[in-house]
Amino acid sequence: MLDPKLLRGNLDSVVERLSIKKFNLDSDAFIQLEEKRKSLQVSTQNLQNERNSRSRAIGAAKAQGEDIQPLLDQVANLGEDLKKAESELADLQAELDQMLLGIPNIPHETVPAGDSEEENQEVLRWGEPPEFEFEPLDHIELGQNLGAMDFERAAKLSGSRFVTMSGSLVTLHRALIQFMINQHILEHGYTEVYVPYLVNESSLTGTGQLPKFKQDLFRIDSENHNLYLIPTAEVPVTNLVADSITEAADLPLKYVAHTPCFRSEAGSYGRDTRGMIRQHQFEKVELVQMVEPENSMQALEQLTGHAETILQLLGLAYRKVILCGGDLGFSSTKTYDLEVWLPGQKAYREISSCSNMTDFQARRMKARWRNPQNGKPELLHTLNGSGLAIGRTLIAIMENYQQADGSIKIPDPLHPYMNGITEIRA
RNA sequence: GGAGAGCUGGCUGAGCGGCCGAAAGCGGCGGUCUUGAAAACCGUUGACCCGAAAGGGUCCGGGGGUUCGAAUCCCUCGCUCUCCGCCA
């Protein structure tokens, strides 16, 4: 959520900066609601003031043993007027809040203009896409040839966009998780956390998935529960600091979590329908940081670097892009995507997305820290990034480390987690 | 699943329907003392909204009700804890 004060004071510039994100803020509607709110709030508060002072007078009179009946008669209609004003104000406030909750974060000044991912700005390329002396296969063929990956069986169990795997390929999948988490704990200073995979509406509102992106989520709607499957660990991990005040000495908080992620992919019919690129269920190792506001842009660079390190250690060629305004997520002020080279597609594909949410999520979830400068609670800045998406990393390893006979070589850093296996073959 | 207890400020915890935004302690901040620190002592210290300010308003788990007036009474939902049962 944006600072309502910012909207009231600098509406025109906010409208302009949001247009970079292709968001059209209806400033007339906002102004109208605001003016109504203001006058209603003033009149309601006047009524409340009157009630308070008259009630005090009655109390005082009663204590003196005076006859309070005349005083009671005077306030006969006050209650009703007040109740009406209060409920009107509450309705209006709710309407205003709904509007506020639907406005995205303001893009950072370094975010390039652009409509779609085509206009994302490349920052760097790392590594060389591997040369093959044979025609490289994609992960689907590789996986099926190894007898280790089966989409049809998964479809039988659950439908499209699911996969079953078996044998050493699954060990590799699990090894990736272990390797990444250990790297982040031991080398990058993160604390590992375990969190629920089912969360309530308020958590999802806190991080910005709700109310706007309900269609992207899986909901558990049973007799006694109204919960959602997490689309990313960002939701439970960031909400760890919801409704709390963190001491400055404890910052930055750096958390790493491995969780499954569940996405309905409602808006992506027909995209990446084959293979493991876009699934309803996938694993991810997620990095989350809570930092002092002035450090957040620097923290974004650092966090993105932590994700990049994983790709580098695995020897996977990638490029780093800054998302343009049109491709930038709802809650983010600036996002770097890391795109790994996939020989099967002869293209760079997203494998990590690292974002600075500034105070946008913190305001929604009331996540604050105590600023020692003035002793006052202020909003934190929150950041998150994949470090990395496991399914897509698995694909990248398969395609980049495939050999002429269809086997797959395991990169060195994963060996400690592979039970002695150095190659996966049929 | 059955029985009971509770939810109050950064934390612990008190709070006859009006004098309660809320005692007290801890913690924090400022000071005295000290070469410095600790201890001790003194002072200070909730969040949010409207307002240039004065000031006003809201907030004692959420929602609703009773009342001139609710942290306090009633209803309801949520959560936490204890005991019993069941159980990975």
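Below, each value reflects all heavy atoms present in this structure, side chains not excepted, and no hydrogens, waters or symmetry copies. Lettering of chains follows the sequences in order, A, B, ..., and the numbering in each one begins at 1.
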- Test side chain to side chain contact (heavy atoms under 4.5 Å, CB included) applied to A/R370 - qualifying residues, sequence neighbours left out: A/I245, A/E247, A/P377
- Query: Pairs in or reaching into residues 39-63 of chain A: which pass salt bridge (Lys or Arg N to Asp or Glu O under 4.0 Å), with residues at least two apart or in two chains?
  - Reply: A/E50-A/R54
- Scan residues 81-99 of chain A against RNA chain B and write down, sorted by residue number, each residue with any heavy atom closer than 4.0 Å; if none is found, say none. A/K83
Please list, for nucleotides 69-71 of chain B, all pairs of protein and nucleotide N/O atoms separated by less than 3.5 Å.
residue : atom : partner : partner atom : Å
B/G69   : O4'  : A/S55   : OG           : 3.0

- Query: Looking at the side chain of A/Q45, which of B/G56, B/C68, B/G51 is the nearest nucleotide?
  - Reply: B/G56
- pair_partner(B/G10), Watson-Crick or wobble, both distances < 3.5 Å, evaluates to B/C26
Distance-only donor-acceptor hits, side chain of residues 205-216 of chain A, under 3.5 Å, sequence neighbours excluded:
residue : atom : partner : partner atom : Å
A/T205  : OG1  : A/E201  : O            : 2.9
A/T207  : OG1  : A/S203  : O            : 3.1
A/T207  : OG1  : A/Q209  : OE1          : 2.6
A/K212  : NZ   : A/G102  : O            : 2.8

- Query: Would you say B/G56 has OP1 or OP2 under 4.0 Å from some side-chain N or O of A/N52?
  - Reply: no
- Item | Qualifying residues under ring pair (Phe, Tyr, Trp, His ring centres under 6.0 Å), relative to A/H280, sequence neighbours excluded | A/F162, A/F218
- Provide the full list of salt bridge (Lys or Arg N to Asp or Glu O under 4.0 Å) pairs with a residue in residues 410-426 of chain A, sequence neighbours left out, each pair given once. A/D405-A/R425, A/E423-A/R425
- Item | Base B/G57 to side chain A/Q48, donor-acceptor N/O within 3.5 Å cut-off | no
- Query: How would you list, by chain and number, every residue that makes a side chain to side chain contact (heavy atoms under 4.5 Å, CB included) with A/L96, sequence neighbours excluded?
  - Reply: A/F30, A/L33, A/E34, A/R37, A/Q93
- Message: On the nucleotide B/C49, are OP1 or OP2 found under 4.0 Å from the side-chain N or O atoms that A/K5 carries?
- Response: yes
- Message: Can you tell me the base-pairing partner of B/G61? Count Watson-Crick or G-U wobble geometry only, both distances below 3.5 Å, and say none if there is no partner.
- Response: B/C77
- Query: Who are the side-chain hydrogen bond (donor to acceptor under 3.5 Å, both in side chains) partners of A/S353, not counting sequence neighbours?
  - Reply: A/D337
